[in-house]
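First comes the structure, then the notes that go with it.
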Amino acid sequence: MTELLHLHAERRGVRPPLRGSREIQGNVLAAFNKDHQQFRFVRFTDGRLGRTWLAAMLGHISVTADVEDFNEAFSLGRAMFGADPQSLKATWTNLSLTPAGFAKLAVNPEAVERDLRVRDAELVQGAEARCAVNGDDPEEWRFGRDAQQIHAVVTLASDTEERLQAVDTLLDLLDDLLGVTKVYQENAGTLPGAHRGREHFGYKDGISQPGIRGFHEEDPDRKGHRFGHAGALLVNPGEFVFGYQTERGDEDGRTARWLRDGSIQVIRRLTQDVRGWEEAVEEHARVLGVTSDSMGAMLIGRHKDGRPLASPVDEAAGLGPDRNDFDYADDPRGLLTPCPAHVRKTNPRSFTFRNPRQRRILRRGIPFGPPYEQDPRAERGLLFVAHCTSIREQFEFQQRVWAGNPHFAGGEDGAPTGTDPVIGGAGEARFETSDVKATLTFERYVRTTGALYALVPSVSTLRLL
Ligand code: HEM
């Protein structure tokens, strides 16, 4: 069946036309979408041995074309047979390097650092230097502090736990052999049963993602949107991968050749306090005189099953809970989707001063830890992973200028707003219903417990190191 599905994918012409689809690593433009994932944060003890390790790793790295072909075949199988095609399984690997990792492996570290700095100063500064900007306390970090010197991050993703374990064992042996120290490891995965596809607060995640021009197909009926994904705006590939047209224009002049087809990776370990969140939702629901479900949806901007507050669902018309074809132009004060709601803060759609396509990120996060009711005392959260080509203008902009800024509304001047209750840290936000107006206070229900900025280089660049 695998071959049949691949054949179909090729006939439909879905093989990505983007020039770098065999150069750009998997999980950047084409998501791994695997239930079992492992993140290995490692350090090289010696540059020469590190390069040998890299040479061994090269054979395992997945490229965009393969991941996208698999994902297309999988969706086709689901459409044809009405269920997930059980015989289609894969295990993928992605490898990123920090600036310190490049310095350890490169034969010309000064030139490498200069090229990185020209393209993204924040990447070179590192997440710890940016902690005040992002509202973090590095004392709480399990990984990512400068003193820890992480050089590389290996992301493994597989459909089965068993296959993931097999690669894990292989990599442990390779690390031991070549003096590579594992500084930290996170095992993450899709939550089980009724929690599937949801993050720990219980909301469906991974719905709104940008499409990529020249990689995803354009909907002939809705120019500028991704075919088959109502509401997914097409964004120029240069917003996520170096060496392509960006929304700001062509930035190739600032990009060293070796950076082409590479992408910046932002990793954040976000620990979630589920009990604290649920208690706050209940308490605030009483203040506003609404149900807990409605209150939670007002904080996120979508219901637990994904239904957006901004737009009704009409399954018969093909507009399910995942619908994404809306903006907030007809809701300038946030009466439908409150301005402090997480999805409105991180993507205000019609209410950005500039082209809204310039602030998008590709989100590749996955939960870690068991569901709350399985073990209330265990630690849990989201291993947030995002891709962009400007940390300051994309990820940090969403985090600092929008989510963490109590004055940013994403609505008309004077619209009631406040900090993003999910990622804005402790703060206040103003909510209005047709009957009640109230200022609600929030504790910090999401804490950053690890952070790292890295670069996912092209396959050719990895070969050159
Ligand atoms: C959307 C949860 C962290 C940016 C969403 C959605 C949920 C969610 C439930 C709606 C579903 C969807 O459209 O995918 C969370 C939780 C987080 C977290 C629980 C932390 C534990 C972050 C961070 C950022 C971020 C750190 C970036 C700084 C976004 C964006 C969207 C989104 C851009 C899509 C908004 C849209 O286009 O409508 N998140 N998120 N999230 N989140 Fe988060």
Side-chain angles (χ1 to χ4, degrees), residues 27 31-41 127-128 130-131 134-145 148 150 153 155-157 164 183-207 265-281 296 299-300 302 304 342-343 345-346 361-387 395 398-399 403-404 419-427 442-454:
N27 214 27
F32 278 169
N33 289 343
K34 297 289 178 223
D35 286 354
H36 307 277
Q37 300 198 13
Q38 186 185 88
F39 298 81
R40 303 163 67 97
F41 300 81
E128 188 169 6
R130 306 293 295 168
C131 67
N134 295 321
D136 295 339
D137 175 3
E139 293 290 327
E140 300 184 58
W141 289 6
R142 303 274 191 93
F143 65 83
R145 300 201 67 171
Q148 238 181 1
I150 288 166
V153 185
T155 306
L156 299 179
L164 191 85
V183 180
Y184 187 74
Q185 176 175 319
E186 192 76 64
N187 293 324
T190 311
L191 295 181
H195 303 278
R196 195 176 168 75
R198 301 188 179 202
E199 50 69 48
H200 281 288
F201 292 151
Y203 296 83
K204 191 152 182 219
D205 201 4
I207 301 173
Q265 183 188 44
V266 173
I267 305 184
R268 288 167 77 72
R269 184 178 193 271
L270 301 173
T271 298
Q272 294 176 253
D273 170 7
V274 173
R275 181 143 182 225
W277 167 269
E278 283 178 352
E279 283 174 358
V281 169
L299 302 184
I300 298 287
R302 287 184 183 266
K304 286 192 167 168
H342 177 63
V343 302
K345 274 278 190 176
T346 52
I361 52 176
L362 290 167
R363 291 178 298 134
R364 302 287 180 238
I366 182 152
F368 65 88
Y372 180 74
E373 71 265 21
Q374 203 170 306
D375 181 359
R377 279 179 304 182
E379 200 190 358
R380 58 182 53 75
L382 181 72
L383 209 279
F384 173 89
V385 179
H387 286 283
F395 161 69
Q398 289 191 6
Q399 178 67 52
T419 45
D420 178 329
V422 182
I423 57 165
F442 298 93
E443 300 297 324
R444 182 179 275 265
Y445 311 112
V446 171
R447 313 190 76 83
T448 310
T449 47
L452 197 78
Y453 292 160

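What you see below is based on every heavy atom in this structure, not just the backbone, and it leaves out hydrogens, waters and symmetry mates.
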Any side-chain heavy-atom pair of [X] and [Y] under 4.5 Å:
X    : Y    : answer
L299 : V422 : no
V153 : L452 : yes
P192 : Q374 : yes
F41  : Q148 : no
H387 : Q265 : yes
F384 : I423 : no
T155 : R364 : no
F32  : I366 : no

**OP:** Please lay out, stage by stage, how N134 and R268 fare under the test side chain to side chain contact (heavy atoms under 4.5 Å, CB included).
**Re:** CA-CA 11 Å; N134 295 321; R268 288 167 77 72; 4.0 Å; yes
Distance in Å, [X] [atom1] paired with [Y] [atom2], rounded so as to fall on 0.5 Å steps:
X    : Y    : atom1 : atom2 : result
Q272 : F368 : CD    : CZ    : 7.5 Å
R142 : T271 : CZ    : OG1   : 6.5 Å
F143 : T449 : CZ    : OG1   : 7.0 Å
R363 : D205 : CZ    : CG    : 5.5 Å
L164 : Q37  : CG    : CD    : 8.5 Å
L270 : R447 : CG    : CZ    : 11.5 Å

Closest approach of [X] to [Y] (non-hydrogen atoms, all atoms of both residues):
X    : Y    : value
G369 : L191 : O-CD2, 3.7 Å
F39  : A188 : CE1-CB, 4.1 Å
A127 : Y453 : N-CD1, 3.7 Å
G296 : Y203 : CA-OH, 3.1 Å
A280 : Y445 : CB-OH, 3.1 Å
H200 : P370 : CE1-O, 3.3 Å

Original post:
Is there a donor in the side chain of R269 and an acceptor in the side chain of Y184, or the other way round, less than 3.5 Å apart?
Top reply: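 Yes, a side-chain donor-acceptor pair sits under 3.5 Å.
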Original post:
Between R145 and E140, does at least one N-O distance fall below 4.0 Å, as a salt bridge requires?
Top reply: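 Between E140 and R145 there is no salt bridge, as every charged N stays at least 4.0 Å from the carboxylate O atoms.
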Subject >> CD (Q185) with more than 12 external heavy atoms under 6.0 Å >> reply: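 Counting other residues, nucleotides and ligands, CD of Q185 exceeds 12 neighbours.
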**OP:** Could you tell me how the ring of F201 sits relative to the ring of W277: parallel (under 30°), tilted (30 to 60°) or perpendicular (over 60°)?
**Re:**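 The rings of F201 and W277 lie parallel, inter-plane angle below 30°.
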Original post:
Restricting to pairs with a member in residues 190-203, which pass salt bridge (charged side-chain N to carboxylate O under 4.0 Å, His left out), not counting sequence neighbours?
Top reply: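 Non-adjacent pairs meeting salt bridge (charged side-chain N to carboxylate O under 4.0 Å, His left out): D35-R196.
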**OP:** Please identify each residue that fulfils ring-ring contact (aromatic ring centres under 6.0 Å, His included) with Y372, with sequence neighbours left out.
**Re:**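 Listed in chain order: nothing, the list is empty.
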